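Here the structure is laid out as structure tokens; the discussion comes afterwards.
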Amino acid sequence: MINDFREALRIRIAASAAQLGSDPTQAAIEVTREEKFGDLTTNAAMVWAKALKKNPRELATELIATWNIPDEIFSEATVAGPGFINLRLRQDAFAGILHSILEHELPFGHLPQTENCKRWLLEFVSANPTGPLNIVSARAAAIGDALARIIESQGQVAHREYYINDAGNQVRLFGESVVARMKQERGEAAEIPEEGYRGSYVVDLAKKAIAEGLSDTDPESIGNWAIDQMVAAARNTLEKYRVNYQHWFKETTLRKAKAEWTTLETLRTKGYVYEQDGAQFLRTTADGLDDKDRVVVTSQGRPTYFLPDIAYHLDKYNRGFNRSINFLGPDHHGSIARMKAALRMLDIPDDFHEIRLIQQVNLMRGGEAVKMSKRAGELVTLEDLLEELGDNATAVDVARYFFLQRKFSTPLDFDQELAKQQSEENPAFYVQYAHARICSILRQLQAGSEADYVWQDRFIELLSEDETRAVIRKLMEYPIVLDRCVQALDPNNLTGYLTELAGVFHKFYHHHRVLGQERDLMSARVLLLLSVKKILADGLDLLGINAPEQM
RNA sequence: GCGCCCGUAGCUCAAUUGGAUAGAGCGUUGGCCUCCGGAGCCAAAGGUUGUGGGUUCAAAUCCCGCCGGGCGUACCA
């Protein structure tokens, strides 16, 4: 429906552009911010005026004159401000939005999946398996998963993937750390390696290893065992957090297939590898992308982290995805340039793979910063966070909503003292409350009167109060919001939108009664409520948050 | 030093990706329940968008310079 409206305007803009020799893609079509500006707006006149050497307002007036408004969709078109063209929808088209929200099987704003739809690979969290999931992982998990859900709503495929670094030096180092703790548990003298892992979870692992009767003679196999434990725990926590991956990709599967070495040979054949001081370097500076060349094989003959990572991304490409997004923590920005350079060497198009950095979460405790370091062991985990919030479904709702409210590109302060308070005052409840309140009203409707709650054209004029129109205007925006989330690769637009939708509904509720009204008016308002309920439930679902019928 | 990110109300953050009067929550102040759920609504106070320039019809948003904060700058992962 909204797309029909936009299309009606788009056609006119295109026709005018053709006539004037202007660029139609410059002109944006938007839902107006305020009702007084009409329903849809375009900046066509302002963006075209300069090239045509005309005054924007005069041009806008000329454009409107050729657009044959009013017609069956728009009731009026006016020029406002510096040259905006604002269009108002006819009341029947406007109120009819409810009809289209309720009658379609596919949720409003969703698109059907087609055979040759876009296939996305979203990699997120991929935390180092030598430590528990921290609070940045919590942020990344919420964002990656919600984005995947939104992409799926747009008729596309989103494949969630978690990369496990279960190979390399750290396995043995991790094993040695566990072994040292095992010995200490038995009262033997043992030192944790200098670069080892000192978190209390290592002690827990040691206890478990002893309980299972594992031998402490082989750090490597203890390391592998410990990593499996950590991955299983991460998986458990993430499931509780409503994040499910299609694929847990182990680095060792690449290593077993020697993928890092075949990738190295491919790069060498293309002339991008050279030897210096006994190490193998990749010429990542070739296109000026990186500021220095990177070691891919050490002088000891071991691949660095970078080499299997290149192989991994090549594997992503070869699996036939159209687009790959990798959400990384803020400390990884150094790896962007080198990966881009490497993928280009492998003839992978630049726009295939994109790294998005999720900015840090500054953990505070009563206004004081808390350091987060896996190696130091002082950290707050996702588990801790959920526990702090009550360790139930509501805790997940609150935590996810909190992270999804903020755009991921900005650093975020998270005060633990505020966490519990947040759980009572969190905007998540504001949105859920609107949903529960609607459900409560619907429960009180007379049974057996379903026939009253189907769309009738005579309802159109009953849906014209300011507060009612505000709700419908907000509903109209939903498809645009979903689209914007995909464009920005960030679900935070949807979170804000749901808060606004709940807001206009709460306002409507306080101004107009539903129950006990004259039959047609009540029916019209029930349809409004059903529409809001549908969008709230759908939007919350896309964020991975429950839409409770009672609270 | 060099590179990247960030600076918006007292606090935590938004701002339709360059749009019209910069908005929410928390906190502060004052109202609203014999009436569909007060986890709500209404109102008030709170801003030179760090700062100085530039770009244009239009800048919190883009460009340059400063100031402040964070991260990175491994033959670690």
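Proteins get letters first, then strands, A, B, ... in listed order; numbering begins at 1 in each. When reading the values below, keep in mind they use all heavy atoms of this one structure, side chains included, and skip hydrogens, waters and symmetry mates. Given the structure is predicted, the values throughout are model-derived calculations rather than measurements.
- Closest to the side chain of A/D331, from the set B/C41, B/G72, B/A14, is B/G72.
- For A/D413, taking side-chain heavy atoms from C-beta onward, the closest of the listed nucleotides B/A24, B/C6, B/U12 is B/U12.
- Of the candidates B/U17, B/C41, B/G7, B/G7 carries the atom nearest the A/T410 side chain, counting heavy atoms from C-beta on.
- Taking the six-membered ring wherever Trp is involved, the centroid distance between the rings of A/F84 and A/F37 does not fall below 6.0 Å.
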Going by atom type alone, with no hydrogens or angles, which donor-acceptor pairs under 3.5 Å involve a side-chain atom of residues 45-56 of chain A and a protein atom two or more places apart or on another chain?
unit_1, atom_1, unit_2, atom_2, d
A/W48, NE1, A/D23, O, 2.9
A/K54, NZ, A/E62, OE1, 2.8
A/N55, OD1, A/R57, N, 2.8
A/N55, OD1, A/E58, N, 3.1

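- Sorted by residue number, the members of residues 287-297 of chain A with any non-hydrogen atom under 4.0 Å from RNA chain B read A/K292, A/V295.
- With B/A24, B/C4, B/G25 as the candidates, the nucleotide lying closest to the side chain of A/H333 is B/C4.
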Secondary-structure notation, RNA chain B, from Watson-Crick and G-U pairs under 3.5 angstrom (| other strand):
(((((((..((((.....[...)))).(((((.......))))).....(((((..]....))))))))))))....

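- Closest contact between the side chain of A/R406 and the listed nucleotides B/U17, B/U12, B/C75 involves B/U12.
- A perpendicular orientation is assigned to the rings of A/Y197 and A/F174, their planes being inclined by more than 60° (bins at 30° and 60°).
- With both ends at atom P, the span from B/A59 to B/G52 equals 15 Å, rounded to whole Å.
- For a distance-only test at 3.5 Å, the side chain of A/S299 qualifies as a donor-acceptor partner of the base of B/C75.
- Shown here are the side chain to side chain donor-acceptor pair (under 3.5 Å) partners of A/R443, two or more places apart in sequence or in another chain: there are none.
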Just do the side-chain contact (heavy atoms from CB on, under 4.5 Å) check on A/L282 and A/I310 with the steps written out, would you?
CA-CA 11 Å; A/L282 187 65; A/I310 298 170; 3.8 Å; yes

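- Note: A/F281 and A/Y274 have parallel aromatic rings, judged against thresholds of 30 and 60 degrees for the angle between ring planes.
- In this structure, the CG atom of A/D397 is 18 Å from the P atom of B/A39, given to the nearest Å.
- For the salt bridge (Lys or Arg N to Asp or Glu O under 4.0 Å) test, residues two or more places apart in sequence or in another chain that qualify with A/K316 are A/E123.
- For A/T304, the listed nucleotide lying nearest its side chain is B/C75; candidates were B/G19, B/C75, B/A14.
- A parallel orientation is assigned to the rings of A/F108 and A/Y478, their planes being inclined by less than 30° (bins at 30° and 60°).
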Once base and sugar-phosphate atoms are separated, protein heavy atoms under 4.0 Å mark nucleotides 32-37 of chain B, 5' to 3', with B, S and - as ---SBB

